[in-house]
Amino acid sequence: MYERLKGFRDFYPGEMQARRTVIDAMESVAKRYGFREVGTPALERTRMYVDKSGEEIVDELYSFTDQGGRDVALTPELTPTVARMVVAKQQELSKPIKWYSTRPFWRYEEPQQGRFREFYQTNVDVFGSSDPAADAEILAFAADSMTDLGLTGEEFEFRVSHRDILGGLLSAFEADVDVRAAVRAVDKSAKIADEEYYDLLVDAGLDYDEARQFDSLLGSEDLDELVDFAGTERVDEAVGNLRAVLDAAEDFGAREYCSLSLETARGLDYYTGVVFECFDSTGEVSRSVFGGGRYDDLIESFGGQPTPAVGVAPGHAPLQLLLQRAGVWPDEALSTDYYVLQVGDTRPTAARIARDLRERGNVVETDVSGRSFGAQMGYADSVNARTVVIVGERDLENGEVTVKDMASGEQTTAPVDDFPGERDAPTYDDFAV
RNA sequence: UCCGGGUUGGGGUAGUGGUCAUCCUUCAGCCUUGUGGAGGCUGAGACGCGGGUUCGAUUCUCGCACCCGGACCCA
């Protein structure tokens, strides 16, 4: 017996069917917005992640040296890859570039609820537009995905913040504050005690009174107050940008799912503008389901022309938890349209019927194990066959097959030459008198 | 990497320092090559791994692995 690797999962048909339904729903929304699918490698050079995130990142990667001596890593996220792709073909791609992709990623970390070492995400990004409408389109894609999956505004919310508001306010307090550390403190603030939060802000360079004031400003949600307090062009512009995004989201039908929450910060290493996180508003532990935001500097830092970008990446595992808690996780029960049952040596006719039904798009099974009548019927039942077509020697002598509806148990005969005939999906009702 | 709780057939369980480890379910075959959900018969399938204590360990003990949850992290 071989055991599965820690943090990796197997998906058996029932769960996989439900996952497929969810993936198809999200990708369908992305396609309707004109996002185009891209395919990307599972391996990239380790250096790409180190340059972006620092040497410590290597501990979180599945990284190794390949047989050609290259230091490579299984991709822990998509953003650097698509940034690389944008830079490589920058001149020939028409802007805005709108791409999506669903695939697994790998991080060497401890599994937790909704977190695994191999995990799936659907990434959706816009490159080349700094217009607030681009941010809003990402929010609208995310909102449409959630509602198409059966969720309502009662069950999730997008907490929207703006990195430049945070950074601008912090700079207004102290010119040389450690913005990164302070933002990280903000990101944690909901989970830790106020005192601990203030201590972290103090560590970042504020004094204690400033920390309290900063906290209170973030909580007020009065954007005008923030502008007045800071009195800087940067905060003024950031607030204007956030408002413009929310206005556009209103027009795109996504505003009702958004709430202003400056205490939402995300990890934020490369975020530059609007950031948001999707929260489960029904769950007892309101942890972030997924997040996204604007990262205008990344492409340039990858060696490209300055190219603004905004994106979102719903992770399938936390999304699954949310959908299950909301009671809208798709049905995992498998179904079969037809089971073509053979009695005696009737394979030529049974196979012809099965092929005809399949050509019409039905899910059709027939015996491939030489089983008895009763065993075939039991199998048909176990795979939730809707209709069983009995192809038996006795009926064939009369030029007939038997059509049985498994739910009711009723059955009737049909002329073998007229089955399925012109019908796409014949049932018992089509032949019952 | 750290903390807490777990681990007995595929799933769910009972139990014990000593005969063939309990029961339910599942799966396969048969009763049943003309009728599934019921029933019967037969079969498959487990003490996570390693060390220690012991005449003997699934049971006691230590370590590890894995699972669940949490911390850190969340690019």
Side-chain angles (χ1 to χ4, degrees), chain A residues 1-10 12 44 46 48-61 73 75-81 83 105-117 119 121 123 180 183-184 187-188 191-192 265-271 275 277 284-285 287-293 295 298 301 311 313 315 317-318 321 336 339 341-347 350 367 369-398 400-411 413:
Chain A
M1 278 286 285
Y2 296 107
E3 288 167 354
R4 198 178 53 225
L5 243 29
K6 177 179 183 172
F8 287 70
R9 290 169 298 162
D10 300 319
Y12 288 87
E44 293 277 7
T46 305
M48 189 164 80
Y49 302 107
V50 172
D51 287 352
K52 173 172 163 282
S53 307
E55 197 66 47
E56 325 79 63
I57 189 73
V58 175
D59 294 337
E60 309 262 312
L61 297 175
T75 54
E77 58 169 326
L78 187 69
T79 305
T81 295
F105 296 96
W106 301 269
R107 293 182 189 176
Y108 195 85
E109 59 187 356
E110 291 307 303
Q112 287 179 41
Q113 182 176 53
R115 279 178 73 170
F116 300 90
R117 288 183 170 179
F119 58 97
Q121 289 183 338
N123 281 258
R180 189 174 159 179
V183 161
R184 190 163 296 172
D187 195 35
K188 281 186 188 174
K191 290 205 273 186
I192 60 181
R266 302 229 69 206
L268 274 190
D269 261 7
Y270 52 58
Y271 288 112
V275 293
E277 294 200 321
E284 294 168 14
V285 186
R287 51 190 303 164
S288 170
V289 179
F290 60 80
Y295 49 101
L298 186 68
S301 78
L321 290 175
T336 306
Y339 184 86
L341 192 152
Q342 303 172 36
V343 193
D345 185 17
T346 60
R347 191 172 75 189
D367 183 50
S369 306
R371 281 171 158 160
S372 70
F373 192 110
Q376 289 185 66
M377 194 62 89
Y379 178 76
D381 191 44
S382 76
V383 297
N384 290 324
R386 180 161 179 243
T387 300
V388 169
V389 182
I390 300 167
V391 184
E393 290 169 332
R394 222 160 65 196
D395 289 347
L396 286 183
E397 285 171 13
N398 302 323
E400 293 175 330
V401 293
T402 296
V403 181
K404 181 183 177 76
D405 181 84
M406 290 297 275
S408 67
E410 293 179 296
Q411 63 185 45
T413 57

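Letters go in sequence order (proteins before strands), and every chain restarts at 1.
The minimum heavy-atom distance linking T75(A) with T81(A) is given by the pair CG2-OG1, 4.2 Å. Here the closest non-hydrogen pair linking A380(A) and V388(A) is CB-CG2, 3.7 Å. Of all heavy-atom pairs between P318(A) and G114(A), the closest is CD-O, 3.5 Å.
Ring geometry for F119(A) versus F105(A): interplanar angle of 30 to 60°, hence tilted.
The backbone N or O of D345(A) lies less than 3.5 Å from a partner atom in the side chain of E393(A), making a donor-acceptor pair. A donor-acceptor contact shorter than 3.5 Å is absent between the side chain of R107(A) and the backbone of E60(A). Side-chain atoms of S288(A) never come within 3.5 Å of backbone atoms of E277(A) as a donor-acceptor pair (strictly under, hydrogens ignored).
Using a 4.0 Å heavy-atom distance criterion, E109(A) is classed as a base contact. At a threshold of 4.0 angstrom between heavy atoms, the contacts of G315(A) with the nucleic acid are absent.
The distance between atom CD of Q112(A) and atom C1' of rC74(B), rounded to the nearest whole Å, is 10 Å. Separating the CH2 atom of W106(A) from the P atom of rC73(B) is a distance of 25 Å, rounded to the nearest angstrom. Distance Y12(A) OH to rC27(B) P: 15 Å, rounded to the nearest Å. Going from atom CD of E110(A) over to atom C1' of rC68(B) covers 13 Å, rounded to whole Å. The distance from atom CZ of R180(A) to atom P of rC74(B) is 8 Å, rounded to the nearest whole Å. Between the CZ atom of F8(A) and the P atom of rC66(B) there is a distance of 12 Å, given to the nearest Å. Remark: C1' of rC73(B) and CZ of R117(A) are 13 Å apart, rounded to the nearest angstrom. Remark: C1' of rA71(B) and CD1 of I192(A) are 13 Å apart, rounded to the nearest angstrom.
Taking the P atoms as reference points, rC68(B) lies 22 Å from rC73(B), given to the whole Å. Between rU59(B) and rC2(B), the distance separating the two C1' atoms is 30 Å to the nearest Å. Using atom C1' as the reference point in both rC23(B) and rU16(B), the two lie 16 Å apart (nearest Å). Distance noted for atom P between rA14(B) and rU22(B): 15 Å (whole Å). Taking atom P in both rU32(B) and rC41(B), one finds a spacing of 16 Å when rounded to whole Å. Comparing the same atom, C1', in rG10(B) and in rG43(B) gives a spacing of 16 Å after rounding to whole Å. rG9(B) and rU25(B) have their C1' atoms separated by 11 Å, with the value rounded to a whole Å. Remark: the separation of the C1' atoms in rA46(B) and rC30(B) is 26 Å, to the nearest Å.
Under a cut-off of 6.0 angstrom, the local environment of CZ in R347(A) is sparse, with at most 12 non-hydrogen atoms contributed by other residues, nucleotides or ligands. Sparse packing is recorded around CZ of R386(A), with 12 or fewer heavy atoms of other residues, nucleotides or ligands lying under 6.0 Å away.
Under 4.0 angstrom from either OP1 or OP2 of rC74(B) there lies no side-chain N or O belonging to K188(A).
Looking at which nucleotide of RNA chain B each of L5(A) and L61(A) is closest to, the 5′-most match is held by L5(A).
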Per-nucleotide protein contact string for nucleotides 32-44 of chain B (B base, S sugar-phosphate only, - none; heavy atom under 4.0 Å): -BBBBB-------
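Between the side chains of Y270(A) and S301(A), no donor-acceptor pair is found at a separation under 3.5 Å. Using modelled atom types, one finds a donor on one side chain and an acceptor on the other under 3.5 Å when comparing Q376(A) with Y339(A).
Not a single donor-acceptor contact under 3.5 angstrom links the side-chain atoms of R4(A) to the base of rC67(B).
Stem regions for RNA chain B, each three or more consecutive Watson-Crick or G-U pairs with both distances under 3.5 Å and listed by first number, read B:1-7 with B:65-71, B:10-12 with B:23-25, B:26-31 with B:39-44, B:48-52 with B:60-64.
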